[in-house]
*Asks:* 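One structure coming up, written as structure tokens, with questions to follow.
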Amino acid sequence: MKSKHIKEHVKNTIEFIDGNIDKPLSIDDIAANIYLSKYHLQRLFKSITGKGLIEYTRSRKLTESLYELVNSDKTVALVSKKFGFKYEQSYTRAFKTEFSLSPSEFRQNPKSVNITPKADISLLTELENSVIIKPFHIFRPSFTLGGILNKVELRENEKNYKATNVAIDFFYNHRQHLTNAINPHIYYGYTYWDTTSNEYTYYLTSLEIDNQKELPKDFESCTVPASNYSVFRLIGFFPPEELTWRHLVDIWNFKDDYLLKEKPLNRSTHYQFEYIDMSICRDDYCELDLYIPVV
């Protein structure tokens, strides 16, 4: 996929859904009209909206139906038909799941509910064969990592992608030795630095572990403190093994620009970590989440 077309594909998907909100829509229907693989489309939408593609489509239908219930005298059956529900019962069930009351109850006593607005493509920033999603913010409690510690000279990393190489080596040749891994498919690249030097960082190639068990020889552990994080997601249309220093520089630059404007860094911390769920990656798709501690 050409990165210059990603935003256009997503925009077309959003417009197609809203333009056909009165019709039953399946993933196949949407993907066929957008000329984008179902897998890519679903992953992109999940990252942008926090909802799966069909969940987003259903929520948009239900959101638009609110105005019809309040501003028209159409029966619930006619409203459900207008928004592409085959049966009134299906509409009522979906409405109750979404808003915690039935369409009839809402019509009789309208109340404030959470709605699903039209997806915003300004959340996407395009790069070379990849995109960055505007960050989401979470609190994560303390957890423990176990892995192999590497000292990474920054100049060497720029030239030879050392961090990428040690990450690949760990994931394919060493992670299996961690018998206490919580999820062996989720890779953590934990970086911390000495504030007295700008020439190198320490990089722990690791998995999350149950810290009650012993580590293999030459492995080290690290307890990551509880913190608020801004999480920046890079989606690449290539395998995770091709993530390099260049991609991280792109996401770091985006991160720095965003945080300077929007959310203050936690200046008392000197770490960050990469999170990659290898179970969702393919030869033409990967996701990297960069966790940045913030105030």
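Since the model is a prediction, treat every value here as computed from it, not as a measurement. We're numbering straight along the sequence, starting at 1.
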*Asks:* Donor-acceptor pair, distance only, cut-off 3.5 Å: does the side chain of N150 make one with the backbone of Y203?
*Replies:* yes

*Asks:* When you check the side-chain N and O atoms of D28 and S26, is any donor under 3.5 Å from an acceptor?
*Replies:*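 Checked: D28/S26 side chains show no N/O donor-acceptor pair below 3.5 Å.
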
*Asks:* Can you find a heavy atom in the side chain of T223 that is under 4.5 Å from one in the side chain of F143?
*Replies:* no

*Asks:* Measure the spacing between CG of L178 and CD1 of I209 and express it to the nearest 0.5 Å.
*Replies:* 6.5 Å

*Asks:* Find out whether F95 and S65 are in side-chain contact, i.e. whether some heavy atom of one side chain is under 4.5 Å from a heavy atom of the other.
*Replies:* yes

*Asks:* Determine whether the side chains of N20 and K23 contain a donor N or O and an acceptor N or O closer than 3.5 Å.
*Replies:* yes

*Asks:* Any chance you could measure I276, atom CD1, to C286, atom SG, to the nearest 0.5 Å?
*Replies:* 7.0 Å

*Asks:* Can we call the ring centroids of Y275 and Y187 under 6.0 Å apart?
*Replies:* no

*Asks:* How about H137 and Y229: are their ring centroids closer than 6.0 Å?
*Replies:* no

*Asks:* Please name the pair of heavy atoms, one in A119 and one in T49, separated by the smallest distance, quoted to 0.1 Å.
*Replies:* CB-CG2, 3.8 Å

*Asks:* Using modelled atom types only, decide if a donor and an acceptor are shared between the side chain of N129 and the backbone of F237 within a distance under 3.5 Å.
*Replies:*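 Yes; at least one donor-acceptor contact below 3.5 Å.
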
*Asks:* Evaluate the side-chain proximity of L288 to L248: yes if any heavy-atom separation is below 4.5 Å, no if none is.
*Replies:* yes

*Asks:* Answer yes or no: are there more than 12 heavy-atom neighbours, outside N71 itself, under 6.0 Å from its atom CG?
*Replies:* yes

*Asks:* Without hydrogens or angle criteria, can the side chains of Y56 and Q42 be said to hold a donor-acceptor pair below 3.5 Å?
*Replies:* no

*Asks:* Is NZ or CZ of K61 both nearer than 6.0 Å to the six-membered ring centre of F83 and within 45° of the ring axis?
*Replies:*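 Here K61 fails the 6.0 Å and 45° test against F83.
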
*Asks:* Determine the interplanar angle of the F170 and H174 rings, folded into 0 to 90°, and report it as parallel if under 30°, tilted if 30 to 60°, perpendicular if over 60°.
*Replies:*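 Rings of F170 and H174: parallel, as their planes differ by under 30°.
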
*Asks:* Which heavy atom of V76 sits nearest to which heavy atom of S104, and what is that distance?
*Replies:* CG2-OG, 3.9 Å

*Asks:* Could you state the interatomic distance from OH (Y161) to CD1 (I168), rounded to the nearest 0.5 Å?
*Replies:* 12.0 Å

*Asks:* Quick check: Y87 with Y91 (ring centres under 6.0 Å apart)?
*Replies:* no

*Asks:* When rounded to the nearest 0.5 angstrom, what is the spacing between CZ in R107 and CD in E68?
*Replies:*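 Between atom CZ of R107 and atom CD of E68 there are 8.5 Å.
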
*Asks:* Testing R233, K46, R282 one by one against E287 for a salt bridge (Lys or Arg N to Asp or Glu O under 4.0 Å), which residue passes?
*Replies:*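 It is R233, the one option of R233, K46, R282 that forms the salt bridge (Lys or Arg N to Asp or Glu O under 4.0 Å) with E287.
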
*Asks:* Does atom CG of D283 have more than 12 heavy-atom neighbours from other groups under 6.0 Å away?
*Replies:*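 It does not: D283 CG has 12 such atoms or fewer within range.
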
*Asks:* Which heavy atom of P135 sits nearest a heavy atom of F254, and at what distance?
*Replies:*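 Where P135 meets F254 most closely, the heavy atoms are CD-CE2, 4.2 Å.
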
*Asks:* Could you tell me if the ring centre of F171 sits under 6.0 Å from that of H185?
*Replies:* no

*Asks:* Could you tell me which non-hydrogen atom of D210 sits nearest to which non-hydrogen atom of I182, and how far apart they are?
*Replies:*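 The pair with the smallest heavy-atom distance is N-CG1, 4.0 Å.
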
*Asks:* For S221 and G146, indicate whether the former's side chain and the latter's backbone hold a donor-acceptor pair under 3.5 Å.
*Replies:*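 Not a single qualifying donor-acceptor pair exists.
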
*Asks:* Can you get from I138 to L145 by hopping between Ile, Leu, Val, Met, Phe, Trp and Tyr side chains that sit under 4.5 Å apart?
*Replies:* yes

*Asks:* Are V294 and F139 linked, directly or through intermediate hydrophobic residues, by side-chain heavy-atom contacts shorter than 4.5 Å (ILVMFWY only)?
*Replies:*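 F139 and V294: separate clusters.
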
*Asks:* Is any side-chain heavy atom of K162 closer than 4.5 Å to a side-chain heavy atom of E153?
*Replies:*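 K162 vs E153: side chains apart.
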
*Asks:* Mark yes or no for whether S102, through its side chain, and K96, through its backbone, hold a donor-acceptor pair below 3.5 Å.
*Replies:* no

*Asks:* Would you kindly confirm whether I21 and L25 end up in one hydrophobic cluster when ILVMFWY residues are joined by side chain heavy atoms under 4.5 Å apart?
*Replies:* no

*Asks:* To the nearest 0.5 angstrom, please state how far the OG atom of S47 sits from the CG atom of L234.
*Replies:*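 These two atoms lie 10.5 Å from each other.
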
*Asks:* Check whether the ring centres of Y190 and Y271 lie less than 6.0 Å apart, and answer yes or no.
*Replies:* yes

*Asks:* Same cluster for V249 and V166 if Ile/Leu/Val/Met/Phe/Trp/Tyr side chains link at under 4.5 Å?
*Replies:*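 Both belong to a single hydrophobic cluster.
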
*Asks:* Hey, are the side chains of I148 and D218 touching, using non-hydrogen atoms and a 4.5 Å cut-off?
*Replies:* no

*Asks:* Determine whether a donor-acceptor pair (N or O, by modelled atom type, separation under 3.5 Å) exists between the side chain of S59 and the backbone of T116.
*Replies:* no

*Asks:* Can you measure from CD (Q176) to CG (L207) and round to the nearest 0.5 angstrom?
*Replies:* 10.0 Å

*Asks:* Whether the E208 and T144 side chains hold a donor-acceptor pair (N or O, under 3.5 Å, no angle test) is what I'd like checked.
*Replies:* no

*Asks:* Whether K11 and E15 form a salt bridge (side-chain N of Lys/Arg under 4.0 Å from carboxylate O of Asp/Glu) is what I want to check.
*Replies:*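 No, E15 and K11 are not salt-bridged.
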
*Asks:* Under the ring-ring contact (aromatic ring centres under 6.0 Å, His included) rule, what do H247 and F238 come out as? Steps first, then yes or no, please.
*Replies:* CA-CA 12 Å; H247 299 109; F238 45 77; 4.8 Å; yes

*Asks:* For a 4.5 angstrom cut-off between non-hydrogen side-chain atoms, does I17 reach L53?
*Replies:* yes

*Asks:* Using a 6.0 Å cut-off, check whether atom NZ of K38 has over 12 heavy atoms from anything other than its own residue.
*Replies:*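 It does not: K38 NZ has 12 such atoms or fewer within range.
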
*Asks:* Are the side chains of S142 and P225 in touch, meaning some heavy atoms are under 4.5 Å apart?
*Replies:* no

